[in-house]
Amino acid sequence: PPPADRRIGKNYFRDPATDRLVVDYSAFLSDGVADLMISFGDTIKRLAGKPVFVTAYYCEMIKGASGTYNAADRIRASGKIDMLQSVLEYNPWRQPGGPGSVSNVIGSLALHNMLFLQELDTRTWVGPPYYDVKNAIEHAWAHNIEEFSAINEREIGLAIAQGTGAYYYDMTGGYFHETDIMKEIARTKKVYDSNLTKPNSFRPDVAVILDETSCHWSSDDINALAAVNGCLSFVHDAMTISGVPFDTFALPDLIRYPQLQKYKMYVFLNAFYLTTEQRRFIDEQLKKEDKTLVWMYAPGYLSERTKDVANITSLIGMKVATVEGERRNLTALTAAGKHRLGRDLPPVTGGAYAQKFWIDDKNVIPITRFQEGNEVAAAYREFPGWRSCYIATPGALPPALINNIAALSGAYVCTRPGNPVRLNSNFLSLHGARPGLYTLNLPRKYRSVTNAFTGKTVARNTSKFSLNVPAQETLWFLLQN
């Protein structure tokens with residue numbers, strides 16, 4: 001392997017002219033894990049003597065760049081693994097009132113005819129006690145049946161809405177060995193089973209795009225990784241509570257599958273490295289038909305041969321500047337004024353310390369400015385046939401801004417930001433992260449909307465309804481034509 005000083009380095013991004021061997025080594029680590037899994041899958045299928053279903057545990061990069069788990073595209077393309085599974089992320093977002101999480105690119109798995117299974121290793125009051133407060137928060141220790149139900153229904157609601165699955169993993173034994181817990185699991189499974197065979201025609205208008213290759217081009221420096229992970233994990237969590245439904249895809253699939261060119265809004269979380277072919281595809285296929293492209297941090301900064309902000313400028317249509325090799329405070333303050341994109345934005349966003357990029361262009365509409373230096377940190381600009389929105393601060397795309405951009409783009413918005421909402425043509429799940437009165441705009445007019453557990457009708461012959469969302473509870477609704 002390359003020496004540590006080359007893997008870490010003083011710069012946040014590796015240089016195609018000098019660091020290709022370091023990048024190759026990083027890719028080799030991920031490819032080796034994937035190839036081993038593919039080999040096992042191939043061997044099992046060949047020697048089983050009958051058709052068999054092969055599943056493997058694999059966490060992708062949605063929840064942050066990992067040195068050895070950035071080759072899921074290789075697994076998906078192999079045809080040797082039928083299903084991937086991974087765990088609900090360990091952090092405070094597991095708690096009742098949190099957005100929950102998923103670690104895999106669900107949309108791309110479906111494109112390759114693969115399934116996804118979420119591991120629910122929820123700790124409860126029944127099993128061994130937690131040993132400190134930090135452990136209790138990160139593992140979302142359910143202290144009673146109300147907390148367990150809120151967490152369970154939030155995650156199973158995601159599975160129903162997205163056509164995925166889940167299983168319960170009893171860590172150390174005994175966490176689910178309780179009558180009320182098993183009754184809760186049984187009633188959610190009943191709703192899950194009843195939705196399995198219902199056709200789903202709903203598709204969001206927003207596509208979130210992730211790129212494994214770009215993960216190899218960031219330094220192993222802890223601050224560089226924090227910046228990259230902010231673009232991935234923080235923005236994905238913000239998307240979840242934005243009130244805007246979305247699909248997730250890997251960048252290579254965006255190019256492979258023409259049906260993915262029909263979204264109204266694209267959010268590129270970590271497209272730091274783009275090939276000439278990928279840039280041409282974006283220019284020719286996405287910068288048209290009134291689409292909106294949202295870019296995070298350093299989009300297209302790296303090409304096959306260069307590392308240059310000119311690459312960013314040509315990609316996003318805004319002049320961008322940077323200072324390489326310096327760690328700067330990237331806290332930004334709202335500066336959108338009365339523009340509709342500034343509605344309900346938090347006064348402060350970001351907070352990372354990383355390489356600083358900023359917009360140096362008088363033709364843009366500023367959204368935020370850096371607290372130190374006052375440079376434009378996020379901006380919006382319209383072009384004939386498309387829109388560009390650039391966020392130069394890692395992770396500084398708050399739910400309200402996502403909601404505002406989606407509305408401006410004509411994308412489907414279910415509700416105002418605040419709560420995790422998941423839905424398909426037949427089902428809607430809403431978790432109370434931010435309680436209050438919410439109006440839910442449905443994809444179309446429905447004959448009735450009923451509570452999935454009680455059967456009570458809450459609305460008839462409508463395309464929207466309002467309700468009070470309680471804190472730390474999950475609400476399930478059946479949408480009936």
Side-chain angles (χ1 to χ4, degrees), residues 88-102 118 120 122-125 136-162 166 180-181 183-185 187-188 191-192 195 204 233-234 236-246 344 346 398-400 402-403 406 412-424 426-443 449-459 462 464-479:
L88 183 65
E89 186 188 12
Y90 297 110
N91 66 21
W93 309 144
R94 275 188 168 216
Q95 296 272 2
S101 70
V102 60
Q118 178 89 293
L120 301 179
T122 311
R123 278 68 159 174
T124 74
W125 71 98
I137 292 174
E138 289 185 347
H139 292 83
W141 223 283
H143 296 86
N144 49 53
I145 189 59
E146 290 78 19
E147 290 186 359
F148 177 82
S149 298
I151 298 169
N152 183 59
E153 290 163 21
R154 181 188 63 206
E155 302 309 322
I156 300 300
L158 166 66
I160 296 173
Q162 294 199 330
D180 287 339
I181 291 177
K183 286 182 178 179
E184 160 64 17
I185 293 174
R187 76 168 189 157
T188 54
V191 178
Y192 178 94
N195 277 271
S233 181
F234 292 173
H236 183 267
D237 293 338
M239 293 289 306
T240 302
I241 60 172
S242 68
V244 180
F246 63 96
D344 299 326
I402 296 167
N403 196 287
Y412 167 61
V413 175
C414 181
T415 188
R416 64 184 174 91
N419 297 311
V421 58
R422 304 284 190 176
L423 74 155
N424 60 29
N426 315 293
F427 173 84
L428 186 149
S429 173
L430 179 68
H431 183 73
R434 187 176 182 181
L437 180 64
Y438 287 79
T439 296
L440 301 179
N441 302 297
L442 302 177
V449 179
T450 61
N451 184 296
F453 293 124
T454 67
K456 180 181 178 181
T457 299
V458 297
T462 186
K464 65 179 180 180
F465 67 101
S466 299
L467 76 164
N468 278 301
V469 178
Q472 300 184 356
E473 293 185 22
T474 305
L475 306 175
W476 282 8
F477 300 100
L478 302 179
L479 311 177

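For the pair Val458/Phe465, a side-chain contact is recorded, criterion being any heavy-atom separation below 4.5 Å from C-beta on. Residues Leu467 and Phe477 are in side-chain contact: their nearest non-hydrogen atoms beyond the backbone lie under 4.5 Å apart. Two residues are said to be in side-chain contact when any heavy atoms from C-beta on lie closer than 4.5 Å; Pro443 and Tyr412 meet this criterion. Side-chain atoms of Tyr438 and Asn468, non-hydrogen and from C-beta on, never get closer than 4.5 Å to each other. Pro96 places none of its side-chain heavy atoms less than 4.5 Å from the side chain of Thr474. Side-chain atoms of Pro420 and Thr240, non-hydrogen and from C-beta on, do get closer than 4.5 Å to each other. Using a 4.5 Å heavy-atom cutoff, the side chains of Ile241 and Val421 are not in contact. Proximity of Glu184 to Thr188: side-chain heavy atoms (C-beta onward) are separated by under 4.5 Å at one or more points.
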Derivation of the side chain to side chain contact (heavy atoms under 4.5 Å, CB included) call for Phe453 and Glu153: CA-CA 11 Å; Phe453 293 124; Glu153 290 163 21; 3.8 Å; yes
Quick one: do Trp141 and Trp125 satisfy side chain to side chain contact (heavy atoms under 4.5 Å, CB included)? Show the steps, please. CA-CA 7 Å; Trp141 223 283; Trp125 71 98; 5.7 Å; no
Please walk me through it: do Arg422 and Gln162 pass side chain to side chain contact (heavy atoms under 4.5 Å, CB included)? CA-CA 8 Å; Arg422 304 284 190 176; Gln162 294 199 330; 3.4 Å; yes
Is there a side chain to side chain contact (heavy atoms under 4.5 Å, CB included) between Leu120 and Asn152? Walk through the geometry before answering. CA-CA 8 Å; Leu120 301 179; Asn152 183 59; 4.2 Å; yes
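Of all non-hydrogen atoms in Asn419 and Leu430, the two that sit nearest each other are CB-CD1, 3.6 Å. Pro417 and Asn403 get closest at one heavy-atom pair: CD-ND2, 3.5 Å. Across all their heavy atoms, Ala471 and Pro435 have their closest contact at N-CB, 3.7 Å. Counting all heavy atoms, side chain and backbone alike, Ser101 lies closest to Leu88 at O-CD1, 3.2 Å. Considering every non-hydrogen atom in both Leu442 and Thr462, the closest pair reads CD1-O, 4.1 Å. Of all non-hydrogen atoms in Phe427 and Gly157, the two that sit nearest each other are CE2-O, 3.5 Å.
Contact check on Arg123 versus Glu138 returns no salt bridge, with no Lys/Arg side-chain nitrogen under 4.0 Å from an Asp/Glu carboxylate oxygen.
Of the possible polar contacts, none joining the Arg94 side chain to the Ile137 backbone as a donor-acceptor pair under 3.5 Å is found. The main-chain N or O of Thr124 is never found under 3.5 Å from a side-chain atom of His143 such that the two would form a donor-acceptor pair.
Side-chain contact annotation: Thr457 with Thr450, donor-acceptor N/O pair under 3.5 Å absent. Under the 3.5 Å distance criterion, with hydrogens and angles disregarded, a donor-acceptor pair is assigned to the side chains of Asp237 and Trp93.
Atom CG of Leu475 is separated from atom CG of Asn451 by 7.5 Å, given to the nearest 0.5 angstrom. Rounding to the nearest 0.5 Å gives a distance of 9.5 Å between CD1 of Ile185 and OG of Ser149. With rounding to the nearest 0.5 Å, the separation of CG in Asn91 from OG in Ser233 is 6.5 Å. One distance of note links CG of Leu478 with CG of Asn195; it measures 6.0 Å at 0.5 Å rounding. Note that CG of Asn441 and SG of Cys414 are 6.5 Å apart. Values are rounded to the nearest 0.5 Å.
Heavy atoms of other residues, nucleotides or ligands lying less than 6.0 angstrom from CZ of Arg187 number more than 12.
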